[in-house]
2 protein chains.
Amino acid sequence: MTGILETKIKSIANLSPEALDLLMASTRPKPLEKGRILLREGEVCKTVYYVEKGYLRTYFTKEGNEINTRFAFENDFVTELKSLRSAAPSAYWIQAGEKTVVWEFTKEKLLELYRQSAEIESFGRNLLEQMLVDQEEHGNLFRIYSPAERYQHIVRHSPHLLQRISLSQLSSYLGMARETLSRLRKKP
Amino acid sequence: MTGILETKIKSIANLSPEALDLLMASTRPKPLEKGRILLREGEVCKTVYYVEKGYLRTYFTKEGNEINTRFAFENDFVTELKSLRSAAPSAYWIQAGEKTVVWEFTKEKLLELYRQSAEIESFGRNLLEQMLVDQEEHGNLFRIYSPAERYQHIVRHSPHLLQRISLSQLSSYLGMARETLSRLRKKP
DNA sequence: TTCATTTTGTGATTTTTGTCACAGGTTGAG
DNA sequence: CTCAACCTGTGACAAAAATCACAAAATGAA
């Protein structure tokens, strides 16, 4: 039986069975209790995570408040790329928002695999391309839509966020005050 | 003498002289008059551009208005990645905002180079990583800052935008009304 | 189950931004 | 140089969202 991670990898790049095995051999599942911190502000990020179950949230703090920048759910990859790339202290935290299972890919191991296998580097490039496309489209939500319209967009396109993310956490992700989101939620 | 494009490429990835030559041999400079359209909505994007001089702007239209999503200046790379990747019709336009010189890298040729040279694929991955980091930070501006604060941020961190981009084009990029930006500009 | 903690809802009010309308400036093509 | 087309500034006003304060509800740990 093929796991969902393998299916995901294959959907991103056509790897030979050998390359797929190589990549899969570099990782294993890791269960996390709710609230577990995977990266703290100031630490250097050394890992890319794949979420099998549950979700991870990425956030930073500004004047004592947490600003959520990403929620990575089942079948998503996530990391703190700036810190990972440059080995610089991270400005962000990564935390499990529920009881979660992730697969870890360490930077060290990934770079080794990239050198070993052009196919795996190609996989890495393709994954980045997908993430960049998503990120660009997400950024445009803020250019086009008002807070009220952004909420409507989430209702239509990402309703799972409303079910799994608390209102106060979602509000910072959507760039609006908690009270605003609370009021939007009960309108027609 | 080494051109700025070569210097840029080397800053992104450590290529061997052979790989650098291979990559440089695939492109050449192309002058564009101001206003020249490089990609239209509905067309399939086939090219990555490097801007040597001038700038390119990327935008889409919403209810008859142009919404600017990016300005690529000297020494920047830019493309319409979603369309390029999937060969799908682009939702965006790309246009020269000034008299401009770009170097074109066609998708076809790039894919060939990726197959030929692991170093060049590594360059591609590194370039994408940089773009993704930038894009993520840019998106956060909208989460943290109000329109007035976003303007201040641009004043401090990207003043060249204020010099080279017209007020009305900048306003959509910053996600605010033209009048709002006009008023912000004359405050203390 | 209970109680403290955290999260959410809501009103009152202020502030910010958007919208509309139009005048004055600027620019570039001819 | 001239004039149309475009861009910018500005006032008046409307709408949206932020802020503040607090009550109500939900949650989770003991």
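Small disclaimer: the values here were computed from a predicted structure and weren't measured. Protein chains get the first letters and strands the later ones, always in sequence-line order, with residue 1 at the start of each. As a basis for the values below, the full set of heavy atoms in this structure was taken, side chains included, without hydrogen atoms, waters or symmetry mates.
Put simply, OH on B/Tyr151 is 19 Å from C1' on C/dG18, counting in whole angstrom units. Protein atom CG of A/Leu174 is 18 Å distant from nucleotide atom P of D/dA16, rounded to whole Å. In this structure, A/Leu184 atom CG and D/dA15 atom P are separated by 17 Å, rounded to whole Å.
Annotation: salt bridge (Lys or Arg N to Asp or Glu O under 4.0 Å) contacts involving residues 63-77 of chain B, sequence neighbours excluded, comprise A/Glu136-B/Arg70, B/Lys53-B/Glu74, B/Arg57-B/Glu66, B/Glu74-B/Arg164. Applying the salt bridge (Lys or Arg N to Asp or Glu O under 4.0 Å) test to pairs two or more places apart or on separate chains, those with a residue in residues 35-47 of chain B are B/Glu33-B/Arg36. Sorted by first and then second residue, the salt bridge (Lys or Arg N to Asp or Glu O under 4.0 Å) pairs with a member in residues 121-135 of chain A read A/Glu121-B/Arg125, A/Arg125-A/Glu129, A/Arg125-B/Glu121, A/Glu129-B/Arg85; sequence neighbours excluded. For the salt bridge (Lys or Arg N to Asp or Glu O under 4.0 Å) condition, no pair includes a residue of residues 18-28 of chain B, sequence neighbours left out.
At least one donor-acceptor pair under 3.5 Å links the side chain of B/Ser83 to the backbone N or O of B/Cys45. A/Thr100 contributes no side-chain N or O that, together with a main-chain N or O of A/Leu32, makes up a donor-acceptor pair within less than 3.5 Å. No side-chain donor-acceptor contact under 3.5 Å links A/Ser158 to the backbone of A/Leu161.
Taking A/Lys107 as the reference, nothing meets the side chain to side chain donor-acceptor pair (under 3.5 Å) condition, with sequence neighbours excluded. Among residues two or more places apart in sequence or in another chain, the side chain to side chain donor-acceptor pair (under 3.5 Å) test is passed with A/Ser146 by A/Glu149. Under the side chain to side chain donor-acceptor pair (under 3.5 Å) criterion, B/Arg150 pairs with no residue at all, not counting sequence neighbours.
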Fill in the blank from the handout: Going 5' to 3' through nucleotides 5-13 of chain C and flagging B where a protein heavy-atom sits under 4.0 Å of the base, S where only the sugar-phosphate is that close, and - otherwise, we get --SBBBBB-
Tabulated below should be each protein N or O lying under 3.5 Å from an N or O of nucleotides 26-30 of chain C; please produce it.
none

Problem - Candidate pair A/Phe105 and A/Leu113, rule side chain to side chain contact (heavy atoms under 4.5 Å, CB included), full reasoning - result: CA-CA 11 Å; A/Phe105 296 84; A/Leu113 288 172; 5.9 Å; no
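Aromatic rings of A/His138 and A/Tyr173 (six-membered ring for Trp) have centroids within the 6.0 Å cut-off, being under it.
A/Trp93 belongs to a hydrophobic cluster whose remaining members, ordered by chain and number, are A/Ile37, A/Tyr59; membership requires side-chain heavy atoms of ILVMFWY residues under 4.5 Å apart, directly or through intermediates.
Over its length, the helix from C/dT1-D/dA30 to C/dG30-D/dC1 turns its helix axis by 60°, as judged from the five terminal pairs at each end, rounded to 10°.
DNA chain D lies under 4.0 Å from no heavy atom of any residue of residues 137-149 of chain B.
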